[in-house]
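Chain identifiers are assigned alphabetically (A, B, ...) following the order of the sequence lines, protein sequences preceding nucleic acid strands; residue numbering begins at 1 within each chain.
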Number of protein chains: 2
Amino acid sequence: MGRSSRVQAGENRARIVQVASDLFRARGIEAVGIADVMKAAGMTQGGFYKHFASKDALAAEACALAFASAAETWRDVARTAAAEGRDGAAAIADHYASVRPPSRTCPMIAFAADAARRGSGDPVQRAFREGVQTLFETFADAVQGDPTPEAGEPLRSRFAAMVGSNLLVRSVQQEAWASRAAPPAS
Amino acid sequence: MGRSSRVQAGENRARIVQVASDLFRARGIEAVGIADVMKAAGMTQGGFYKHFASKDALAAEACALAFASAAETWRDVARTAAAEGRDGAAAIADHYASVRPPSRTCPMIAFAADAARRGSGDPVQRAFREGVQTLFETFADAVQGDPTPEAGEPLRSRFAAMVGSNLLVRSVQQEAWASRAAPPAS
DNA sequence: TGTACATCAGTGAACGCGCGTTCACTGATGTAC
DNA sequence: TGTACATCAGTGAACGCGCGTTCACTGATGTAC
């Protein structure tokens, strides 16, 4: 096999990021090797450095993609709920509490420990910070169309409670920590 | 240097667990090596396996110690608050939100990702689950003496919000995510 | 209480392994004329 | 449109390195008499 076309190379690069995003979410950045990622993308590990300067550079892009993917799902959930007259933020919260496969673990939970241990200039830290901001804004936008804004409970607290509950459910692995019944929605 | 006395050996073992607990909380289990732990405990790495069957076995004990240490601090905080007529649970929440050195990172946050990725039979997972239970009970005990139990907000939600807020503050590294002003208390 | 011996906590070097990264090479793709 | 050459995406093996773990050894501690 010789050189791929530029279009193919671009597709290969995108697939590496996509596959890495899923693997890092499921198993953590440290626990996944370059060889694992490249194999899952259908290539050999030698070609990795034709696309990325380092594993950290890939991690930053994969982290950003995970947040972008989650935000898009949230928007869909809120839009569907709004179309049915339900509260978008409550729909997001319900969706968020539902069980998902490891590759769809909330990126805030999957990458929090890594982000916390990296300096503020680190590219992964930056992707994490921007990703949290995006998710919070998506959540806030969904609540603004709500005709019954529950006064008194600041939005950030609701958001934090949602995240904290999910963290405890996933890590303790007992449903007792779920804040509400998980719907079968994906 | 030859053999240590049984008393000294016991002290050495306890010091290894204590030092590992701090290092694992600060940097994560994977990022800390046996050699790091032993060096911090004032010994060489060869002696490690005279005390523990594996790194995982140490991790489980270190995790349990971190939770026990946190729970003891919470009890002190609640006791002091109660003696001054303040609400114990609120005092714990204030303390919890305060900035601490990395070695005093909340064990729920430091070990959550690891615990979530381990099976339910794993010793670290077990230590984590029991530790969360202990912290929650400590929190609940502190609130029971509260003459003004805020009705409507379940205790688990308050607890989850506290944890989620802390997770976001530490990982995003921006104080905007703090649920309340952090007091200088240690 | 002393003495001779067995035990075993701790040392320091080595082992195998998997990791991130590098590199010489290949051959299809892209470019210049 | 064809042809000759340069480019470079991908291959597969190798490189150092640090990790968890093992091991032969040491000598103070603990034990038996």
Side-chain angles (χ1 to χ4, degrees), chain A residues 1-21 23-24 26-63 111 113-114 117-118 122-124 127, chain B residues 1-21 23-24 26-63 111 113-114 117-118 122-124 127:
Chain A
M1 294 220 180
R3 180 182 178 186
S4 297
S5 74
R6 287 179 181 170
V7 174
Q8 283 173 330
E11 289 170 356
N12 288 345
R13 188 186 199 282
R15 197 167 62 253
I16 292 169
V17 177
Q18 176 64 64
V19 151
S21 179
L23 288 174
F24 290 165
R27 295 194 245 148
I29 295 173
E30 277 184 305
V32 177
I34 299 294
D36 296 327
V37 172
M38 294 302 282
K39 189 176 182 182
M43 299 165 68
T44 58
Q45 63 180 330
F48 176 81
Y49 293 90
K50 284 280 159 31
H51 291 296
F52 304 94
S54 66
K55 186 187 182 184
D56 252 33
L58 170 65
E61 287 197 43
C63 180
F111 300 129
D114 272 309
R117 286 161 189 147
R118 287 166 186 262
D122 183 279
V124 174
Chain B
M1 293 220 180
R3 180 183 178 186
S4 296
S5 75
R6 288 179 179 170
V7 173
Q8 284 172 328
E11 289 171 355
N12 288 345
R13 188 186 198 282
R15 198 168 59 255
I16 292 169
V17 178
Q18 176 65 64
V19 151
S21 179
L23 288 174
F24 289 165
R27 295 194 243 147
I29 295 172
E30 278 185 304
V32 177
I34 299 294
D36 295 327
V37 171
M38 294 303 281
K39 188 176 184 183
M43 300 164 67
T44 58
Q45 62 179 332
F48 176 79
Y49 293 89
K50 284 279 155 36
H51 291 297
F52 305 93
S54 65
K55 187 187 180 183
D56 252 33
L58 169 65
E61 286 197 44
C63 181
F111 300 129
D114 272 308
R117 287 161 189 147
R118 287 165 186 263
D122 184 277
V124 173

J.: Does Ser4(B) make a side-chain N or O approach to OP1 or OP2 of dG10(C) shorter than 4.0 Å?
T.: yes
J.: Supply the atom-to-atom distance Glu11(B) CD to Ile16(B) CD1, rounded to the nearest 0.5 angstrom.
T.: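 Result: 12.0 Å between the selected atoms.
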J.: With the threshold set at 4.0 Å, does a side-chain nitrogen-carboxylate oxygen contact exist between Asp122(B) and Arg117(B)?
T.: no
J.: So what's the dot-bracket for DNA chain D: Watson-Crick or G-U pairs under 3.5 Å, [ ] if a pair crosses, | if it pairs off-strand?
T.: .||||||||||||||||||||||||||||||||
J.: With nearest nucleotides of DNA chain D determined for Ser54(B) and Gln8(A) from heavy-atom distances, which residue corresponds to the more 5′ nucleotide?
T.: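 Final value for this comparison: Gln8(A).
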J.: Roughly how many Å is it from CD1 in Ile29(A) to C1' in dG20(C), rounded to a whole number?
T.: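 Rounding to the nearest Å, CD1 of Ile29(A) and C1' of dG20(C) are 15 Å apart.
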J.: Respond yes when some side-chain nitrogen or oxygen of Arg13(A) is under 4.0 Å from OP1 or OP2 of dG10(D), and no when none is.
T.: no
J.: Of all the nucleotides listed (dA9(D), dG12(D), dT22(C)), which has the minimum atom distance to the side chain of Thr44(A)?
T.: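 Closest nucleotide among those given: dG12(D).
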J.: Is there a side-chain contact (heavy atoms from CB on, under 4.5 Å) between Arg27(B) and Asp36(B)? Walk through the geometry before answering.
T.: CA-CA 11 Å; Arg27(B) 295 194 243 147; Asp36(B) 295 327; 4.1 Å; yes
J.: Looking only at side-chain N and O atoms, does Arg3(B) come under 4.0 Å of OP1 or OP2 in dT31(D)?
T.: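 Arg3(B) to dT31(D) OP1/OP2: no side-chain N or O under 4.0 Å.
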J.: What is the nucleic acid contact for Val32(B), judged by heavy atoms within less than 4.0 Å: base, sugar-phosphate only, or nothing?
T.: sugar-phosphate
J.: Have a look at Gly46(A) and say if it touches a base, only the backbone sugar-phosphate, or nothing, with a 4.0 Å heavy-atom cut-off.
T.: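 Touches a base.
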J.: Nearest whole Å is fine: how far is dT22(C) C1' from Phe48(A) CZ?
T.: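 It is 13 Å, rounded to the nearest whole Å.
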J.: I need the CD1-C1' distance between Ile34(A) and dG12(D), as an integer number of Å.
T.: 16 Å
J.: Which nucleotide, dT11(D), dT31(D), dG12(C), lies nearest any side-chain atom of Arg6(B)?
T.: dT31(D)
J.: Let's see if you can work this out: which of dC19(D), dA9(C), dT21(D) has an atom nearest to the side-chain heavy atoms of Asp36(B)?
T.: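 Nearest to the side chain of Asp36(B) among the choices is dC19(D).
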J.: Would Thr44(B) and Met38(B) count as a side-chain contact (heavy atoms from CB on, under 4.5 Å) here? Give the steps.
T.: CA-CA 6 Å; Thr44(B) 58; Met38(B) 294 303 281; over 6 Å; no
J.: Rounding to an integer number of Å, can you tell me how far Gln45(B) CD sits from dA14(C) C1'?
T.: 10 Å
J.: Please give, in whole Å, the distance from dT22(C) P to Lys50(A) NZ?
T.: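 The distance from NZ of Lys50(A) to P of dT22(C) comes to 12 Å, rounded to the nearest Å.
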J.: Within less than 4.0 Å of OP1 or OP2 of dT29(D), is there a side-chain N or O belonging to Ser5(B)?
T.: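 No, outside the criterion.
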J.: Name the one of Leu58(B), Val37(B), Ile34(B) that satisfies side-chain contact (heavy atoms from CB on, under 4.5 Å) with Phe52(B)?
T.: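 Testing Phe52(B) for a side-chain contact (heavy atoms from CB on, under 4.5 Å) against Leu58(B), Val37(B), Ile34(B) leaves exactly one candidate, Leu58(B).
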J.: Would you mind reading off the distance between His51(B) atom NE2 and dG10(C) atom C1', rounded to a whole angstrom?
T.: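 Rounding to the nearest Å, NE2 of His51(B) and C1' of dG10(C) are 8 Å apart.
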J.: Hey, is Arg13(A) close enough to Glu61(A) for a salt bridge, meaning N to O under 4.0 Å?
T.: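 Salt bridge present between Arg13(A) and Glu61(A).
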J.: Between Lys55(B) and Ile29(B), is a side-chain contact (heavy atoms from CB on, under 4.5 Å) present by the stated rule, with each step listed?
T.: CA-CA 9 Å; Lys55(B) 187 187 180 183; Ile29(B) 295 172; 4.2 Å; yes
J.: Check whether any side-chain N or O of Arg15(B) sits under 3.5 Å from a backbone N or O of Ala41(B) as a donor-acceptor pair, and report yes or no.
T.: yes
J.: On DNA chain D, nearest-nucleotide positions of Ala31(B) versus Met38(A): which is more 5'?
T.: Met38(A)
J.: Using only modelled atom types and a 3.5 angstrom limit, is any donor from either the side chain of Lys55(A) or the base of dG20(C) paired with an acceptor on the other?
T.: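 A donor-acceptor contact between them is absent.
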J.: Roughly how many Å is it from CD in Glu30(B) to C1' in dG18(C), rounded to a whole number?
T.: 13 Å
J.: Can you tell me the distance, in whole Å, between the CZ atom of Arg15(A) and the P atom of dG10(D)?
T.: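 Checked: the CZ to P distance equals 9 Å.
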